[in-house]
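Please read the structure below before turning to the comments.
Below, all heavy atoms of this structure are taken into account, side chains as well, without hydrogens, waters or symmetry copies. Convention: sequence-line order gives letters A, B, ...; per-chain numbering from 1.
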There are 2 protein chains.
Amino acid sequence: MAKARHSRFDCNPGCSVEAAIGLIDGKWKSIVLWHLLGGTMRFNEIRRTMLNCTPRMLTKQLRELEEDGLIVRKVYAQVPPKVEYSLSELGRSMEPILSALKRWGDANIGLYGKPQGHDPREAT
Amino acid sequence: MAKARHSRFDCNPGCSVEAAIGLIDGKWKSIVLWHLLGGTMRFNEIRRTMLNCTPRMLTKQLRELEEDGLIVRKVYAQVPPKVEYSLSELGRSMEPILSALKRWGDANIGLYGKPQGHDPREAT
DNA sequence: CTGAATCCATAATGATACTG
DNA sequence: CAGTATCATTATGGATTCAG
């Protein structure tokens, strides 16, 4: 959780909705988490799932997710570099939220052809 | 739904997670929706639940939610003005998401004393 | 009461190029 | 491969004032 990057608890102390949403806002966070539900992934592997995300942005989002304790970053000391990202326990506990988002999206905006193409549960 | 304010479907066509999250990001949207789960509310009534939200911001968020078809804005032609906001069917369908957020927040960040103080379900 | 108008500060995101 | 660095742009949020 590091230092409080989120000064967004100004709704009121009990507003946990705000707290929760604060961790998965940002343009790509929820997507990353969703993909990681399917298992460990490497940097470029994640990138390939969202080609419009620049490495700069991806790095930043990953770092924040890591700070918030939602994902785990594992670096292999080798050349070429290898870094793996996976969900922490806390991150995995967001599964209900992510699933709810997915279901809602599929039901209400899934107008773009078949909803999936990459259901994490059927990924490696 | 108006014109596509959300050009955030760049993950991939099936990425409904992104689509869904795109509708409730912003600093206050999820909070507003959460509160409206408890029933119709007026402008300042909503404001009082998040004192750090300026009228400008609240207006903007409400307009966007309206554009996206999540809430309904009802204006009474009278003086002083009276405007009521309530969830649309679509907005109400987000209840699972909002509940998931709330539950997660309560479980993982509810370190600020008793979680509620305003459970919409027990509001008027 | 429910906003709109204006101005401003900062944060978020993006493009591009480069590196160990 | 997994990032950094730099620059530019845009989006977001806020303060304040005004109005029907």
Just list the side-chain donor-acceptor pairs under 3.5 Å for residues 80-88 of chain B, sequence neighbours left out, or say none.
unit_1: B:E84; atom_1: OE1; unit_2: B:Y76; atom_2: OH; d: 2.9
unit_1: B:Y85; atom_1: OH; unit_2: B:R73; atom_2: NE; d: 3.2
unit_1: B:S88; atom_1: OG; unit_2: B:G69; atom_2: O; d: 2.6
unit_1: B:S88; atom_1: OG; unit_2: B:L70; atom_2: O; d: 3.0
unit_1: B:S88; atom_1: OG; unit_2: B:L90; atom_2: N; d: 3.3
unit_1: B:S88; atom_1: OG; unit_2: B:G91; atom_2: N; d: 3.0

Run the side chain to side chain donor-acceptor pair (under 3.5 Å) test against A:S93 and tell me which residues pass, sequence neighbours left out. B:W104
Does CD belonging to A:Q78 count more than 12 external heavy atoms closer than 6.0 Å?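 Atom CD in A:Q78 is crowded, with more than 12 foreign heavy atoms closer than 6.0 Å.
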Shorter than 3.5 Å, N or O on both sides, protein versus nucleotides 15-20 of chain D: list them out with atom names.
unit_1: D:dA15; atom_1: N6; unit_2: B:R56; atom_2: NE; d: 3.4

How far apart are the C-alpha atoms of A:K102 and A:L37, what are their side-chain angles, what is the distance that settles it, and do they pass the side chain to side chain contact (heavy atoms under 4.5 Å, CB included) test? CA-CA 12 Å; A:K102 170 73 170 170; A:L37 273 178; over 6 Å; no
Tell me every residue that passes side-chain contact (heavy atoms from CB on, under 4.5 Å) with A:P55, counting only those two or more places apart in sequence or in another chain.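 A:P55 satisfies side-chain contact (heavy atoms from CB on, under 4.5 Å) with A:F43, A:R47 only.
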Protein-nucleotide distance ([X], atom [atom1]; [N], atom [atom2]), rounded to Å:
{"X": "A:K82", "N": "D:dG3", "atom1": "NZ", "atom2": "C1'", "value": "17 Å"}
{"X": "A:L58", "N": "D:dC1", "atom1": "CG", "atom2": "C1'", "value": "13 Å"}
{"X": "B:M57", "N": "C:dA9", "atom1": "CE", "atom2": "P", "value": "18 Å"}
{"X": "A:E66", "N": "D:dA2", "atom1": "CD", "atom2": "P", "value": "15 Å"}
{"X": "A:N44", "N": "D:dG3", "atom1": "CG", "atom2": "C1'", "value": "9 Å"}
{"X": "A:R63", "N": "D:dA5", "atom1": "CZ", "atom2": "P", "value": "11 Å"}
{"X": "A:E84", "N": "D:dC1", "atom1": "CD", "atom2": "C1'", "value": "13 Å"}
{"X": "A:R47", "N": "C:dT13", "atom1": "CZ", "atom2": "C1'", "value": "14 Å"}

Under 4.0 Å between any heavy atoms, over every strand shown, what does A:Q61 touch: base, sugar-phosphate, or nothing? Just pick one. sugar-phosphate
Axis deviation across the helix from C:dC1-D:dG20 to C:dG20-D:dC1, five-pair ends, to the nearest 10°: 60°
Enumerate the residues from residues 71-79 of chain A whose closest heavy atom to DNA chain C is under 4.0 Å, giving them by residue number; use none for an empty result. none
For side chain to side chain contact (heavy atoms under 4.5 Å, CB included), just list the numbers for A:W28 and B:I21, CA-CA rounded to whole Å, side-chain angles, deciding distance to a tenth of an Å, and then say yes or no. CA-CA 10 Å; A:W28 308 100; B:I21 198 77; over 6 Å; no
Derivation and outcome, side chain to side chain contact (heavy atoms under 4.5 Å, CB included), residues A:I24 and B:L101: CA-CA 10 Å; A:I24 58 175; B:L101 285 169; 4.2 Å; yes
Upstream residue (5' side of DNA chain D) when B:K60 and A:Y85 are each assigned their closest nucleotide: A:Y85
Gap separating the CD atom of A:Q61 from the CE atom of A:M50, nearest 0.5 angstrom: 8.0 Å
So, taking the atom named CG in A:L62 and the one named CG in A:L36, what distance separates them when rounded to the nearest 0.5 Å?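 A:L62 CG to A:L36 CG: 8.0 Å, rounded to 0.5 Å.
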Check: A:P96 main-chain N/O paired with A:S99 side-chain donor or acceptor under 3.5 Å: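 Side chain of A:S99 to backbone of A:P96, a donor-acceptor pair under 3.5 Å: no, none is there.
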Would A:K29 and A:L23 satisfy side chain to side chain contact (heavy atoms under 4.5 Å, CB included), going step by step from the backbone distance to the final call? CA-CA 8 Å; A:K29 285 189 187 178; A:L23 296 182; over 6 Å; no
